[in-house]
Asks: 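Below: one structure in structure tokens.
Chain identifiers are assigned alphabetically (A, B, ...) following the order of the sequence lines, protein sequences preceding nucleic acid strands; residue numbering begins at 1 within each chain.
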Amino acid sequence: MYSEKVMEEFNNPSNVGEIENADAVGEVGNAVCGDIMKIYMKIDDDIITDIKFKTFGCGAAIATSSMATKLVKGKSVFEAMKLTNKEVMDKLGGLPPQKIHCSVLAEEAIAAALTNYFEKTGRELPEELVGKCKGNCEACHRH
Amino acid sequence: MNKRTIYFDHAATTPVKPEVLAAMLPYFVEHYGNPSSIYGIGRDNREAVNAAREKIAAAIGAKANEIYFTGCGTEADNWAIKGTARAYKDRGRHIITSAIEHHAVLHTCAALEKEGFEVTYIKPDEYGIISPEDVEKAIRPDTVLISIMFANNEIGTVQDIAAIGEIAKAHKIVFHTDAVQAAGALKIDVKEMNIDMMSMSAHKLYGPKGVGALYIRSGVRPDIFLDGGAQERGRRGGTENVAGIVGFAKAMEIAMEGIEEKAAYISTMRDYLIEKIEEKIPYIKLNGHRTQRLPNNVNFSFKFIEGEALLLSLDFKGIAASSGSACTSGSLDPSHVLLAIGLPHEIAHGSLRLTIGEETTMEDIDYVVESLVEIVDRLRKMSPLYEEVIKNKA
């Protein structure tokens, strides 16, 4: 059911781990639903210089986490916040319909970390991040 | 990557034994006659079907005319439950079943609820055991059917079917049991256990897919399920799956040879697998009852990780298994059985069912345990839930 790319990403994910004293942390999903993604970022001058993730979830959840972190690493926070779930999915060669929510979760995990960055640095939240998932799974009826 | 499949999913299906296939083969090309025909090649096949019926009956302590062949276990469940409910609806419209039945029973009961029947779903204890007293307490004057599975397909818990049968008999209520997982694995005597109807399936006991049977005790008259010809005493029309029926009987006959010794031997392997997993992997929970369980069933929840990720990783190592996580159930919730025994969602998501078979070796078990240790460790290192536990411990 999964593409080869998804399996590859699941078997050899990039950026697994955590960052001590991270500049931004974002967590979405919950254990009841069966998936949680936690993203850590090291950000210098608005550039994501390092990124790590930890995910509790299925193969697609792990693969999308890995792909999303790869896609934003080295980018500015302003570029990173434009990441869409479609981009993550395309890079993975597609996902089965019942797994699309995993790519949405990955997009939201990145957004949650970026929101945390703007909040921590006391700056105004860019429009792209307003109203993005704050990690409250129940609120968006996807699960 | 390992080329050989280490098959640990015998509760899903089993390979057809070579002797079973050999018994079936003549019934495709050579003996192709319709058992309903009057001429020789038809009559021969009628005899083959009847001989098969005798063998299945003998295996469960029934009479041959109490065995009805069906297309699968699900059909047998549908027939038993819908047929009985509809036949006895003037006496009452209440059915008792359990919350941990297979969907073939649960969805059949749900369909009857739409027809105006009321269904009581008995909850199991934390080990998956349905208390016979709870069944008795649920009986109402309008109860027409009790359907409790012999052994659970996910967690392997075996019920006290004789005790439930006795209660049903005392209250004169028809008692059906779905024995799809138990038939051919455990010794069953329908008369001693007061079973009125029992569903079985060939492909769970090294027989072919596409054939099942329903035992219906003489005197119990569920409605006809498939209107048609005179096959199966006019109660289930349709030309018999002769090769399948012959294969089913052969598989059952082999299963019955030293069934208790085989069950004891497979239980030893099961307990070794349980012991090794418990010895080597922390933060786990054995689901189901430790001893009152199917000889081949092992079911664990591995905390902080999710079942589908576990299955994919096992598959990569050539190991076939199954899980009750939402991601594998095709729905948003984890298995109804795991929730019914009281597992929180997050622990149910991390379940893994390993069901061994006659061809399983101790080496296979060691390989699976070794692989699991590595996989669980890898997935836990990726899990934010595990990270919290480790930090709190430090």
Asks: Using heavy-atom distances under 4.5 Å, tell me whether A:M7 contacts chain B through its side chain, its backbone, both, or neither.
Replies: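 Just its side chain gets close to chain B.
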Asks: Is there a side-chain contact between B:L385 and B:E387 (heavy atoms, below 4.5 Å)?
Replies: no
Asks: Can you tell which part of A:I62 gets under 4.5 Å to a heavy atom of chain B, answering side chain, backbone, both or neither?
Replies: side chain
Asks: With side chains defined as the heavy atoms from C-beta onward, is the minimum distance between B:I277 and B:L286 less than 4.5 Å?
Replies: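 B:I277 vs B:L286: side chains apart.
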Asks: Can you see which heavy atom on A:F118 is nearest to which on A:E124, and at what distance?
Replies: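 Heavy atoms only, the tightest pair is CD2-O, 3.7 Å.
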Asks: With a cut-off of under 6.0 Å to the ring centre and 45° to the axis, is B:R380 in cation-pi contact with B:Y386?
Replies: yes
Asks: Select one option (side chain, backbone, both, neither) describing which atoms of A:A60 are under 4.5 Å from chain B's heavy atoms.
Replies: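 For A:A60, the contact with chain B is made by the backbone alone.
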Asks: Does A:K5 NZ have over 12 foreign heavy atoms under 6.0 Å away?
Replies: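 Yes, NZ of A:K5 has more than 12 neighbouring heavy atoms, counting only those of other groups under 6.0 Å.
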Asks: Contact part of B:I305 toward chain A, heavy-atom cut-off under 4.5 Å: side chain, backbone, both or neither?
Replies: backbone
Asks: Below 4.5 Å, heavy-atom pairs only: which of B:R378, B:E346, B:K381 has the largest tally toward chain A?
Replies: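 Ranked by heavy-atom pairs under 4.5 Å with chain A, first place is B:R378.
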